[in-house]
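Worksheet for the structure shown next.
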Amino acid sequence: MQFNKDTIDLFIQTMRNYGWMDLPSYSMTMYPFIKKGNICRFVAFELDKAKKGDILLYHSSSGQLVVHRFLQVQESDNQLQFVLKGDSNTHMDEPICSDQIIGKLVTIDNDKRKIYTSDYTAIFWGYLISTYPIFSKALRTYLYFKRRVKTKFSVSL
């Protein structure tokens with residue numbers, strides 16, 4: 001979802017003022033961990049506590065809000081850049097600067113239960129998806145066929 005600079009500044013200010021923010025998911029790039037319609041709670045991002053596998057909310061240079069998994073830090077022109085990727089994406093995002101990061105995911109509410117990113121299953125999933133790229137490829141293939149079947153036969157899987 002794309003936003004103008006004023007709206008992004010409002011998100012950043014909300015995070016600073018309240019310490020958290022809830023946003024619905026509109027994408028399938030973090031499937032199956034985050035699904036469309038899930039309510040995601042983000043807290044303020046702390047650079048010194050960032051670790052591989054964290055799920056971060058950031059704004060791209062085009063103004064799009066993105067929620068992807070943090071994979072690594074790299075340095076370019078004496079500036080730290082963060083490399084992220086959606087769980088069901090096969091390619092990494094363009095590196096971003098820390099000032100583009102709005103928050104860190106802490107819970108997902110999917111109507112049935114609340115999922116905490118600190119749970120062992122969430123940590124294990126994060127480890128698998130960020131360490132073995134074959135899982136992302138398999139998820140992308142599954143989502144592709146799921147969409148084809150749904151479109152072709154107008155059924156929900």
Can you see whether Gln13 engages Asp9 through a side-chain donor-acceptor pair at a distance of less than 3.5 angstrom? no

Quick check against the 3.5 Å criterion: does Ser88 have a side-chain atom that pairs as donor or acceptor with the backbone of Thr29? yes

Test Leu23 against every option in Leu57, Val67, Ile102 by the side-chain contact (heavy atoms from CB on, under 4.5 Å) rule and name the one that passes. Leu57

Should the heavy atoms of other residues, nucleotides or ligands under 6.0 Å from CD1 of Ile134 be counted, would the total exceed 12? no

Donor-acceptor contact below 3.5 Å, side chain Asn38 vs main chain Lys35: yes

Answer yes or no: is there a donor N or O on one side and an acceptor on the other, between the side chain of Thr107 and the main chain of Tyr116, under 3.5 Å? no

Spell out, as yes or no, whether a donor-acceptor pair under 3.5 Å connects the side chain of Gln100 to the backbone of Cys97. yes

Assess whether atom CG of Asn78 is packed by more than 12 heavy atoms of other residues, nucleotides or ligands within 6.0 Å. no

Stepwise, does the side chain to side chain contact (heavy atoms under 4.5 Å, CB included) test hold for Phe42 with Val106? CA-CA 6 Å; Phe42 298 92; Val106 289; over 6 Å; no

Identified side-chain contact (heavy atoms from CB on, under 4.5 Å) counterpart of Leu84 within the set Ile101, Ile55, Asp93: Asp93

Output for pair (Gln2 CD, Ser60 OG), nearest 0.5 Å, gives 6.5 Å

With a 4.5 Å limit on heavy-atom distance, are the side chains of Arg41 and Met21 in contact? no

Check: Phe11 ring centroid to Phe3 ring centroid under 6.0 Å: yes

Does any N or O in the side chain of Arg69 come within less than 3.5 Å of the main-chain N or O of Gly53, such that one atom is a donor and the other an acceptor? yes

Counting only N and O atoms by type, is there a donor-acceptor contact under 3.5 Å from the side chain of Asp119 to the main-chain atoms of Thr121? no

Taking it one step at a time, do Arg140 and Tyr144 satisfy side chain to side chain donor-acceptor pair (under 3.5 Å)? CA-CA 6 Å; Arg140 176 57 58 191; Tyr144 170 77; over 6 Å; no

Aromatic plane relationship, Phe70 with Phe82 - under 30° parallel, 30 to 60° tilted, over 60° perpendicular: tilted

Applying salt bridge (Lys or Arg N to Asp or Glu O under 4.0 Å), can you list everything that pairs with Glu75, at least two apart in sequence or on another chain? none

Without swapping roles, check the side chain of Ser130 against the backbone of Leu71 for a donor-acceptor pair under 3.5 Å. no

Verify, without hydrogens or angle tests, whether Asn89 (side chain) and His91 (backbone) share a donor-acceptor contact under 3.5 angstrom. no

More than 12 heavy atoms of other residues, nucleotides or ligands under 6.0 Å from CG of Asp111: yes or no? no

